[in-house]
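Presented below is the structure to which this report refers.
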Amino acid sequence: MKASETKATLSFSNGGQNVELPIYKGTMGPDVIDIRKLYAQTGMFTYDPGFMSTASCESAITYIDGDKGELLYRGYPIEQLATNCDFLETCHLLLYGELPNGDQKKNFTKLVTNHTMVNEQMQFFLRGFRRDAHPMAIMTGLVGAMSAFYHDSTDINNPKHREIAAIRLIAKMPTLVAMAYKYTVGQPYMYPKNELSYAGNFLHMMFATPCEEYKVSPVLERALDRIFILHADHEQNASTSTVRLCGSSGTNPFAAIAAGVACLWGPAHGGANEAALNMLYDIQKAGGVEKIGEFIKQVKDKNSNVKLMGFGHRVYKNYDPRAKLMQETCREVLGELGLENDPLFKLAMALEKIALEDEYFVSRKLYPNVDFYSGIVQRAIGIPVPLFTAIFALARTVGWIAQLNEMIGDPDYKIGRPRQLFEGSAKRDVKPISQR
Ligand code: CMC
C-alpha cells in the first residue's frame with residue numbers, strides 16, 4: 001500500500017485526544033483511511049452497515065468507476081475484453097494477472113478441458129433433490145459437495161491445492177449447471193465434449209440428447225461466451241465478499257465458493273436477472289407497453305415494495321457498461337433467431353426509455369444494469385428462467401476464486417470478524433420459570 005503524505009485527524013467534541021490516521025492511495029479510485037488501530041487507540045469501532053464507505057481489502061483484480069460507468073479487469077476495459085477475447089482468456093487474466101499468449105492459451109484450455117467431467121457419483125447425490133428444486137438450491141448443494149469428492153484439493157493454505165481446485169471449479173461448473181437442468185427436465189445427462197469451446201460445450205450439455213446431435217450456433221456460442229465474460233468478476237460485491245469472509249476461516253475452496261453461490265441467489269444480487277424477466281412477463285400479461293406507466297407509478301410508490309428489476313446499482317451511478325454490451329448481444333441473438341420483433345425485448349426497450357427520462361430514476365442515478373438484458377438473451381437461447389442465476393454463478397466462479405486466492409496469498413490476511421454496536425439488554429439475571 002502506498003501511504004499518502006496527507007493524514008486524517010479524528011477529533012472529539014468532548015475534548016478527547018485527537019487521533020491521526022494514515023491514508024493510502026490506490027492506483028485509481030478513492031483513497032482509504034486506515035482505521036485498523038482505531039479501537040486500540042480510542043476504544044471505539046466504526047459503524048458502517050452495508051459497507052457504504054468501507055474498503056474491506058486491498059485488491060488488484062477488478063476496478064469499477066461507478067460515476068463514469070467503467071469496468072476494468074486487471075486494467076483492461078470490459079468492452080475490449082468482450083470484443084477481442086474469449087471467456088477462457090478472461091479466466092487466465094483474472095487468475096494469473098495477464099492475458100495468455102498463444103501457447104499459454106492452448107495450455108490453459110487443455111488444463112480446463114481435462115477437468116470437465118465430474119465424479120460419476122455426483123449424479124446420485126443430485127438424485128436426492130426433488131425434480132422441481134430451484135437450480136440454485138441444487139447448485140449450492142453440488143458445489144459444496146465437491147469438497148467431498150476432491151479430497152486432494154481442499155487445503156486452502158496449499159497453493160497447489162488452490163490451483164487444482166480453481167481449475168476444477170471453472171471446468172466443472174458448466175457440467176454441474178447442465179446436469180441440474182437435465183435433472184429437472186428428466187433428460188439424461190450429456191457428458192462434456194472437449195473439442196468444443198467452453199461456451200459451446202455448455203450449450204451441448206444443455207441442449208443435446210443421446211438421440212439427437214446438437215449443432216452449436218456460433219452466434220449463440222459467442223453470446224453465451226460474452227455473458228460469461230461480463231459476469232466473470234465485479235470487485236467486492238456481496239457474493240465475492242461472502243466468499244472472502246467464508247474463506248478467511250480457512251475452510252476449503254469448494255465450501256467458500258458454495259457460500260458465494262448461496263449469496264448470489266438473492267434477487268438484489270444475481271437473482272435479479274430472473275426477477276427482471278419475470279417482471280417483464282408480468283407487465284406483458286397485464287397489457288404490455290400500455291401498462292408501463294401504471295407499473296412505473298407502483299415502482300415510485302415507497303409502500304408498494306415494487307422495484308424496477310435490472311435497474312440501479314450500488315456502485316454504478318451511470319449506465320452499467322455491461323448492460324450496453326448485453327443490449328448489443330441481445331439484438332444479435334434475436335436477429336439470428338428471427339425474433340427481432342420479440343415483444344419482451346420491445347417492452348424492455350420501451351421501459352428503459354421511459355425510466356431513463358423519468359425524474360425519479362434520473363435524480364437517483366438509476367440506470368439499467370447487466371441483468372436488464374441478459375435475461376432476454378438467455379431466454380432466446382432457450383435457457384429456462386430459473387437457470388439464469390446458476391449461469392451467473394458459473395461465470396462468476398472464476399472471479400470468486402481469483403479474489404479468494406488473492407486474499408489467501410496475502411501473508412497479512414486475517415479471519416474476517418466485524419464488530420457491532422450492541423443495543424440489546426444490558427446484563428441481567430435469569431429468573432426461575434415461575435417468576436418470568
Ligand atoms: N427501482 C426503484 N427504485 C430503486 C431501485 C429500483 N431498481 N434501485 C434503487 N432504488 C431507489 C431506492 O428506493 C432509493 O430511493 P430513496 O432514496 O428514495 O429511498 C434509492 O433508489 C437508492 O437506492 P438504494 O436501495 O439505497 O441503493 P443500494 O445501493 O442499496 O441498492 C440495488 C442497489 C442494486 C440493490 C438496488 O438498486 C436494487 O434493488 N435494484 C434492483 C435489483 C437489481 O437489479 N439488482 C442487480 C444488481 S446488478 C447485478 C449484480 O451485480 O448482482
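Just follow the structure's listing: the first ligand is 1, and inside any ligand the first atom is 1.
- Distances between N or O atoms of K307 and those of ligand 1 include at least one value under 3.5 Å.
- Contacts between D371 and ligand 1, counted as non-hydrogen atom pairs separated by less than 4.0 Å, involve the side chain only.
- By the 3.5 Å distance cut-off applied to N or O atoms, G310 is counted among the residues near ligand 1.
- Per-atom contact check: atom 23 (O) of ligand 1 does not touch the protein, criterion being a heavy-atom distance below 4.0 Å.
- Atoms of ligand 1 lying under 4.0 Å from at least one heavy atom of V299, given by number and element, are 1 (N), 2 (C).
- Counting heavy atoms closer than 4.0 Å to ligand 1, residue R314 contributes atoms from both its backbone and its side chain.
- Contact annotation for N237 and ligand 1: no heavy atom of the residue comes within less than 4.0 Å of the ligand.
- Protein non-hydrogen atoms do not reach within 4.0 Å of atom 32 (C) of ligand 1.
- Contact check on D155 versus R162 returns no salt bridge, with no Lys/Arg side-chain nitrogen under 4.0 Å from an Asp/Glu carboxylate oxygen.
- Ligand 1 lies within reach of Y360, whose nearest heavy atom is under 4.0 Å from it.
- Summarising the contacts of atom 19 (O) of ligand 1 with M52, H234, K302, the nearest heavy atom is found in K302.
- Taking distance alone, with nitrogen or oxygen atoms compared against 3.5 Å, F392 stays at or beyond that limit from ligand 1.
- Counting heavy atoms closer than 4.0 Å to ligand 1, residue K300 contributes nothing at all.
- Among D320, L308, V306, N369, the residue whose heavy atom lies closest to atom 47 (C) of ligand 1 is N369.
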